[in-house]
Amino acid sequence: MSLSTAEDESHEEIHLPAEINWEMLDKSKFFILGAALFSGVSAALYPVVVLKTRQQVMAAAQLQRSSVGTGFQLVRNEGFRALYRGFGTSLMGTIPARALYMTALEMTKSSVGSATLGLGVPETTAVTLANATAGVSAAVAAQLVWTPVDVVSQRLMVQSNVGHHINKVRYVNGIDAFKKIVSVDGVRGLYRGFGISILTYAPSNAVWWASYSVAQRLVWGGLGCHFCKKDDSVNGGYRPDSKAVMAVQGVSAAMAGGVSALITMPLDTIKTRLQVLDTKENGRGRGPTIVQTLRNLVREGGWTACYRGLGPRWASMSMSATTMITTYEFLKRMSAKTQEGVT
């Protein structure tokens with residue numbers, strides 16, 4: 001499926017590099033390079049995730065006015081290392097989760113795209129549908145690995161060395177947290193919030209990939225009009241270089257990330273609380289339900305409490321989306337079996 005954008009009446013086109021599909025990739029190179037690249041990206045963005053998680057589970061009395069205030073207080077009281085609490089556990093889960101995510105994403109995108117085009121669906125619609133469907137399947141596949149990792153790493157993220165403790169149970173490290181969660185709640189404790197994780201990440205990914213596809217076309221369409229009007233002597237359309245392609249992908253990813261963060265924020269807040277708060281707080285030996293969690297959240301701070309941590313999540317998703325998509329597209333080009341027609 002091509003992303004070439006035709007101008008309305010001038011017949012000028014933006015000629016983008018050929019898209020690399022699943023069949024064109026060297027799989028071993030794709031996964032090895034992907035593990036290294038995405039581990040680096042995760043390390044860079046991890047502190048923002050910690051701040052978002054902290055704000056989502058804090059009671060109203062302890063909540064700082066801004067994520068910046070939360071960050072300064074955290075570093076001042078607990079040191080810079082607190083911004084990376086639980087990172088080792090998170091990193092161990094990132095590699096297999098990303099591998100599942102990328103495999104499901106590319107295979108679904110390729111098969112759905114081909115099938116919809118074969119049914120006579122217009123290319124623009126086919127690309128959007130393929131991206132949205134691929135986002136859902138990738139999210140579901142990744143959550144099989146990521147939910148247990150998320151439960152453990154988030155418990156470590158919110159653990160405080162000083163002052164107020166969100167949970168009564170203390171964890172030495174990821175392995176200790178894993179053992180204690182299983183001993184209290186069994187294996188199902190590691191999958192607490194799995195259902196709402198799917199309800200959060202599946203639509204979030206569908207919205208993101210669909211929005212990303214639409215945003216790219218809008219941005220390329222605007223650039224095409226700009227360059228064609230700027231130089232009427234341009235023949236054969238506008239041919240962007242690799243820097244222009246990367247810039248448009250980054251801008252489109254940030255736009256899509258912001259939209260996705262805003263739409264799915266309440267679900268993410270409920271999911272985080274379900275995964276982090278102690279089972280004992282429910283008083284019945286098992287985790288609170290989604291409805292109970294929502295009621296407690298609204299009781300604490302009204303409906304706006306569902307958007308607690310929106311700033312860090314918006315920033316995290318936008319920065320993550322921009323970094324991830326440029327890294328991902330770079331990874332695909334590095335992993336292509338042949339560079340012919342790809343650059």
Side-chain angles (χ1 to χ4, degrees), residues 45-78 82-83 85-86 139 143 147 150-151 153-155 157-160 163-167 192-208 210-211 253-279 281-283 287-322:
L45 298 176
Y46 193 78
V48 183
V49 178
V50 172
L51 295 181
K52 184 266 304 182
T53 304
R54 284 260 180 160
Q55 286 200 313
Q56 286 178 318
V57 300
M58 280 181 176
Q62 285 82 35
L63 186 66
Q64 296 293 314
R65 291 186 177 181
S66 69
S67 56
V68 175
T70 301
F72 277 122
Q73 184 185 49
L74 182 62
V75 173
R76 183 171 58 251
N77 294 339
E78 303 178 46
L83 294 174
R85 191 169 289 144
Q143 284 307 308
T147 297
D150 217 15
V151 169
S153 63
Q154 286 181 339
R155 294 287 184 102
M157 283 181 198
V158 302
Q159 192 164 262
S160 177
H164 174 75
H165 299 306
I166 292 171
N167 281 335
R192 185 192 292 182
F194 178 75
I196 197 165
S197 292
I198 297 298
L199 291 176
T200 301
Y201 291 120
S204 176
N205 274 263
V207 169
W208 191 92
S211 299
M255 293 167 61
V259 171
S260 181
L262 184 62
I263 292 174
T264 60
M265 184 66 204
L267 288 172
D268 186 70
T269 301
I270 295 170
K271 174 193 73 70
T272 300
R273 288 206 156 210
L274 277 172
Q275 292 177 328
V276 169
L277 298 180
D278 282 334
T279 301
E281 293 185 3
N282 192 36
T289 65
I290 294 175
V291 174
Q292 287 173 326
T293 303
L294 178 59
R295 285 176 179 170
N296 292 337
L297 192 60
V298 174
R299 189 182 302 117
E300 284 181 17
W303 288 101
T304 56
C306 294
Y307 283 87
R308 191 177 289 167
L310 176 61
R313 186 166 190 254
W314 184 296
S316 174
M317 287 192 69
S318 295
M319 289 190 296
S320 176
T322 301

Using atom types as modelled, flag every donor-acceptor pair under 3.5 Å from a side chain in residues 254-267 to any protein atom, sequence neighbours excluded.
unit_1: Ser260; atom_1: OG; unit_2: Ser204; atom_2: O; d: 3.0
unit_1: Ser260; atom_1: OG; unit_2: Ser204; atom_2: OG; d: 2.7
unit_1: Thr264; atom_1: OG1; unit_2: Ser260; atom_2: O; d: 2.8
unit_1: Thr264; atom_1: OG1; unit_2: Arg313; atom_2: NH1; d: 3.1
unit_1: Thr264; atom_1: OG1; unit_2: Arg313; atom_2: NH2; d: 3.3

Rounded to the nearest 0.5 Å, how far does [atom2] of [Y] lie from [atom1] of [X]?
| X | Y | atom1 | atom2 | answer |
| --- | --- | --- | --- | --- |
| Leu45 | Thr322 | CG | OG1 | 9.5 Å |
| Leu199 | Gln143 | CG | CD | 11.0 Å |
| Gln154 | Lys52 | CD | NZ | 6.0 Å |
| Phe72 | Asn77 | CZ | CG | 13.0 Å |
| Lys271 | Ile198 | NZ | CD1 | 11.0 Å |
| Asp268 | Tyr307 | CG | OH | 11.5 Å |

Check: With a 4.5 Å limit on heavy-atom distance, are the side chains of Leu83 and Leu51 in contact?
Finding: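 They are in side-chain contact.
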Notebook entry, point to check: Any side-chain heavy atom of Val50 within less than 4.5 Å of one from Leu74?
Noted result: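 When only atoms from C-beta onward are counted, Leu74 and Val50 do touch, with a gap below 4.5 Å.
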Next item on the list: Step by step, work out the side-chain contact (heavy atoms from CB on, under 4.5 Å) result for Met157 and Val49.
Entry: CA-CA 9 Å; Met157 283 181 198; Val49 178; 3.9 Å; yes
Minimal non-hydrogen separation, [X] against [Y], with atom names:
| X | Y | value |
| --- | --- | --- |
| Val207 | Ser211 | O-OG, 2.6 Å |
| Cys306 | Thr269 | O-OG1, 2.9 Å |
| Arg192 | Arg155 | NH1-NH2, 3.6 Å |
| Gly86 | Tyr46 | C-OH, 3.1 Å |

Next item on the list: Answer yes or no: is there a donor N or O on one side and an acceptor on the other, between the side chain of Arg85 and the main chain of Gln159, under 3.5 Å?
Entry: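 Confirmed, Arg85 side chain pairs with Gln159 backbone.
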Margin query: Once side chain to side chain contact (heavy atoms under 4.5 Å, CB included) is applied, do any residues pair with Val151, and if so which ones, sequence neighbours excluded?
Written below: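 So Val151 forms a side chain to side chain contact (heavy atoms under 4.5 Å, CB included) with Thr147, Ile181, Gln275.
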